[in-house]
Every structure is written in structure tokens, then in C-alpha cells.
Amino acid sequence: RNYAYDIYIDTRDAPNTRDYYRWTAYSYHLHRSTGVPCSPIGPALCFIACWYPTYSRNVNIFSDAATNGQTLRKRFVLRSPVYYLGNHLVEVSQHSMGREAFQFWRLYQEQADRTGSIFDPLPASIEGNISNLNDPDDIALGFFAASGVARRKYVVSGDETFDPKIVYYIDSLRTYPKGNCLNAFPGSTLERPPGW
């Protein structure tokens, strides 16, 4: 079974204005491998641990048309998988955006969520605001916009969250890949993430 932290946020919507939001998030969590010898003659091992990022992949947007001025509660923003017990550093970004950007991302989300069934809505043409100056009919898939961003970091203390029996169970299932942690988990880093 795969364990993970599901990250949710609560946020207050500004009253008396039509607002549109987009959320992105990422987390860093520790991974482990068997490591490699630090030197040809010593028993010490190096590159045993590394930090691996997980990014939110889905388009997460919201319009306050039906909830103007209310608090948005338990908005899901990220699933951070547990590969090794320990802390998870999570950062959530809340982006404000205009109506046109919201419509672009809404259409993009609808296209991405299509499953290929007969009940899917008919695909709509997605047009962004990026085009070729030499050929106005050559429109790229993308939307250029400026946005206000509010960020919040939080450290999830993994060792305190799980019951000791679950900690023991998860640890008993772990088999660590051989070799350098960076090679075992491409995209990881040896640098401690800021705020860890």
C-alpha cells in the first residue's frame, strides 16, 4: 500500500469582487539508497540520502461566482508520497488571475480530464494570447499573464504523524535501491531545501 500526505488549504475569498484563483504546490521529502563507498579503502558510505521533489500536476482553479466572500475550506492541493519516514517540506502558492486566464485554464482542464468516453463533452478549441507576430493565425497553446501570488511553507513532521505501529510496518516494507541516491532517484538533490 502507498502512503501519502494529502495537503489541503483553507483560504478566505475577498468579498464584493469577482475573483479567480489557481493553486500550485510542491513538496520535498527524503529518499534513501544503499549509498556508495566514500573512499576505496574505508567502510563509510556516502550519497545515502537525497531530497526528492513532488509537484502538483493537475490544473487547480476556482471561481468565487457561487461563494463570494466566504472561506474556502479543505481545498485539495497536493498529494506528497511517503517513501521514507521523516519530514515533508510543502509550499503552496495561490495565484490570482483575470477572467480570460481563468477561461483558458478551465478549457485546458476540461481537455486534460477527458477520458475518451461517449459522455465526454465535445472538445473546444483552446486559444491563448500568445501568437506569432509575423503570422497572426499561428497561435501557440499558452497564456501569458501577470498574477498576484501568496505563498505558504509548512513542514509536516512525519515521525509524529504516524502511529508507531504504522512506522514499523512502513519501515519493514522498505527495500532501498542500490548505489548513489542521486542516480536511484533522478531529479533529486543533495542540497537541503530552504526551510527544511
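Throughout, numbering of the chain's residues begins at 1 and tracks the sequence.
The main-chain N or O of Asn16 is found under 3.5 Å from a side-chain atom of Asn68 such that the two form a donor-acceptor pair. Between the side chain of Arg12 and the main chain of Gly69, a donor-acceptor pair closer than 3.5 Å is present. Without hydrogens or angle criteria, Asp10 side chain to Lys74 main chain gives a donor-acceptor distance under 3.5 Å. Put simply, the side chain of Asp64 gets close to the backbone of Asp19: a donor and an acceptor are under 3.5 Å apart. In this structure, the side chain of Thr71 does not engage the main chain of Arg73 through any donor-acceptor pair within 3.5 Å.
The hydrophobic cluster containing Phe47 does not contain Tyr52, counting ILVMFWY residues as joined when their side-chain heavy atoms lie under 4.5 angstrom apart, directly or transitively. In terms of hydrophobic clustering, with Ile, Leu, Val, Met, Phe, Trp and Tyr side chains grouped at heavy-atom distances under 4.5 Å, Leu182 and Tyr28 are assigned to different clusters. Using a 4.5 Å cut-off between side-chain heavy atoms of Ile, Leu, Val, Met, Phe, Trp and Tyr, with links allowed through other members, Leu30 and Phe185 fall into different hydrophobic clusters. Hydrophobic clustering, with ILVMFWY side chains joined whenever heavy atoms are under 4.5 angstrom apart, keeps Phe76 apart from Ile9. At a threshold of 4.5 Å between side-chain heavy atoms, the hydrophobic network of Ile, Leu, Val, Met, Phe, Trp and Tyr places Tyr5 and Val77 in one connected group.
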>> side-chain contact (heavy atoms from CB on, under 4.5 Å) for Thr54 and His88? Distances and angles first, verdict last.
In response: CA-CA 10 Å; Thr54 295; His88 285 226; over 6 Å; no
>> For a side-chain contact (heavy atoms from CB on, under 4.5 Å) check, start with the C-alpha distance between Val149 and His95, then their side-chain angles and the critical distance, and finish with the verdict.
In response: CA-CA 5 Å; Val149 181; His95 308 259; 3.5 Å; yes
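Cation-pi contact between Arg75 and Trp23: absent, since separation from the ring centre below 6.0 Å together with deviation from the ring axis within 45° is not met.
Taking every heavy atom of both residues into account, Tyr21 and Met97 meet most closely at O-CE, 3.3 Å. Nearest heavy-atom pair across Pro53 and Ser188 is CD-CA, 4.4 Å. Between Asn180 and Val36 the shortest heavy-atom distance is N-CG1, 3.5 Å. Between Gly179 and Thr34, the closest heavy-atom pair is N-OG1, 2.9 Å. For Ser96 against Ser147, the heavy-atom pair with the smallest separation is O-OG, 2.9 Å. For the pair Phe102 and Ile61, the tightest heavy-atom approach, listed with the atom from each and the gap, is CE1-CD1, 3.7 Å.
With a 4.5 Å cut-off on side-chain heavy atoms, Ser63 and Arg99 do not count as touching.
Here Arg57 contributes atom CZ and Leu78 contributes atom CG; the two are 10.0 Å apart, rounded to the nearest 0.5 Å. For the atom pair CD of Glu191 and CH2 of Trp51, the computed distance is 9.5 Å after rounding to the nearest 0.5 Å. Here the straight-line distance linking atom OH of Tyr8 with atom CG of Leu72 works out to 15.0 Å at 0.5 Å rounding. Residue Glu91 holds its CD atom at 5.5 Å from CZ of Arg151, rounded to the nearest 0.5 Å. Once rounded to the nearest 0.5 Å, the distance linking CG of Leu89 with OG of Ser80 reads 9.5 Å. The structure places CZ of Phe62 at 10.5 Å from CD of Gln94, a figure rounded to the nearest 0.5 Å.
In Tyr154, the OH atom is not crowded: 12 or fewer heavy atoms of neighbouring residues, nucleotides or ligands sit closer than 6.0 Å. More than 12 heavy atoms of other residues, nucleotides or ligands sit less than 6.0 Å from atom NZ of Lys153. Environment of OH in Tyr26: crowded, with over 12 heavy atoms of neighbouring residues, nucleotides or ligands closer than 6.0 Å.
Between Trp105 and Tyr108, the ring planes lie perpendicular to each other; the angle is over 60°, past the 30° to 60° tilted range.
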